[in-house]
Amino acid sequence: MLDEASESGTDWISRRNPSVRRPISTLGALSPTGLPYLHPEIQLYYKANSPRPKDETDFATTLPLLTTPQRAWLADAITRTYGPHPWLTRLRPTPTT
């Protein structure tokens, strides 16, 4: 899933949409115990293609934990790759008056 990279090797490029990319150094992190993991917005981006019930559960469970930048990146990546999507209304906060 993450084997696409720019010629320089510094950027990941989505195989689903080459305009969706990020520096490879920002794709994951280490848990407090040293276990490497993929940032949740990257995994959710792939799950958004054709969400199964378990993907919907993962999205609903993870959504409250995503930071504003993570939500923005995921909303942009989903929009550019999949177009209108049911997750977008939950990713983008509604303006308050």
Side-chain angles (χ1 to χ4, degrees):
M1 157 167 92
L2 297 174
D3 57 354
E4 302 84 12
S6 62
E7 288 184 24
S8 67
T10 60
D11 290 331
W12 161 76
I13 302 170
S14 167
R15 68 176 181 256
R16 294 194 176 149
N17 180 344
S19 74
V20 175
R21 51 181 57 212
R22 281 173 64 150
I24 290 173
S25 63
T26 68
L27 296 179
L30 293 176
S31 73
T33 59
L35 183 67
Y37 66 92
L38 188 63
H39 279 291
E41 69 272 22
I42 306 295
Q43 187 65 49
L44 290 172
Y45 166 69
Y46 280 99
K47 289 174 171 273
N49 182 41
S50 183
R52 301 162 295 180
K54 70 179 194 172
D55 300 326
E56 293 288 345
T57 299
D58 289 346
F59 177 73
T61 302
T62 306
L63 183 61
L65 305 174
L66 294 178
T67 65
T68 299
Q70 287 173 313
R71 285 174 178 240
W73 183 90
L74 182 56
D76 179 62
I78 287 174
T79 299
R80 287 196 277 151
T81 304
Y82 310 120
H85 193 282
W87 291 357
L88 292 175
T89 57
R90 292 184 281 169
L91 279 169
R92 294 186 176 126
T94 54
T96 57
T97 55

Find the distance between [atom1] ([X]) and [atom2] ([Y]) and round it off to the nearest 0.5 Å.
| X | Y | atom1 | atom2 | value |
| --- | --- | --- | --- | --- |
| I42 | T26 | CD1 | OG1 | 6.5 Å |
| E41 | L65 | CD | CG | 12.0 Å |
| W12 | I24 | CH2 | CD1 | 10.5 Å |
| I78 | L44 | CD1 | CG | 7.5 Å |
| D55 | K47 | CG | NZ | 4.0 Å |

When you measure from the side chain of [X] to the backbone N and O of [Y], does any donor-acceptor pair fall under 3.5 Å?
| X | Y | value |
| --- | --- | --- |
| R71 | L63 | yes |
| T57 | P53 | yes |
| H39 | L27 | no |

Quiz question: by atom type and distance under 3.5 Å, do the side chains of [X] and [Y] form a donor-acceptor pair?
| X | Y | answer |
| --- | --- | --- |
| R80 | S14 | no |
| R16 | Y82 | yes |
| S31 | Y37 | no |

| field | For the student: nearest non-hydrogen atoms of A77 and V20, plus distance | value | CB-CG1, 3.9 Å

| For P40 against L66, the heavy-atom pair lying closest together | CG-CD2, 3.8 Å

| field | Within-4.5 Å side-chain heavy-atom neighbours: H85 and P51 | value | yes

| task | Examine R22 relative to W73 and say whether NZ or CZ is less than 6.0 Å from the centre of the six-membered ring and inside a 45° cone about the ring axis. | result | yes

| What do the steps show when you test R52 against D58 for side chain to side chain contact (heavy atoms under 4.5 Å, CB included), and what is the final call? | CA-CA 10 Å; R52 301 162 295 180; D58 289 346; over 6 Å; no

| request: Please report the C-alpha distance between Y45 and N17 in whole Å, then the side-chain angles of each, then the deciding distance to 0.1 Å, and finally whether the side chain to side chain contact (heavy atoms under 4.5 Å, CB included) criterion is met. | output: CA-CA 11 Å; Y45 166 69; N17 180 344; 4.1 Å; yes

| message | Would you call the rings of F59 and W87 parallel, tilted or perpendicular, taking 30° and 60° as the class edges? | response | parallel

| Contact list for residues 60-69, test side-chain hydrogen bond (donor to acceptor under 3.5 Å, both in side chains), sequence neighbours left out | T67-Q70

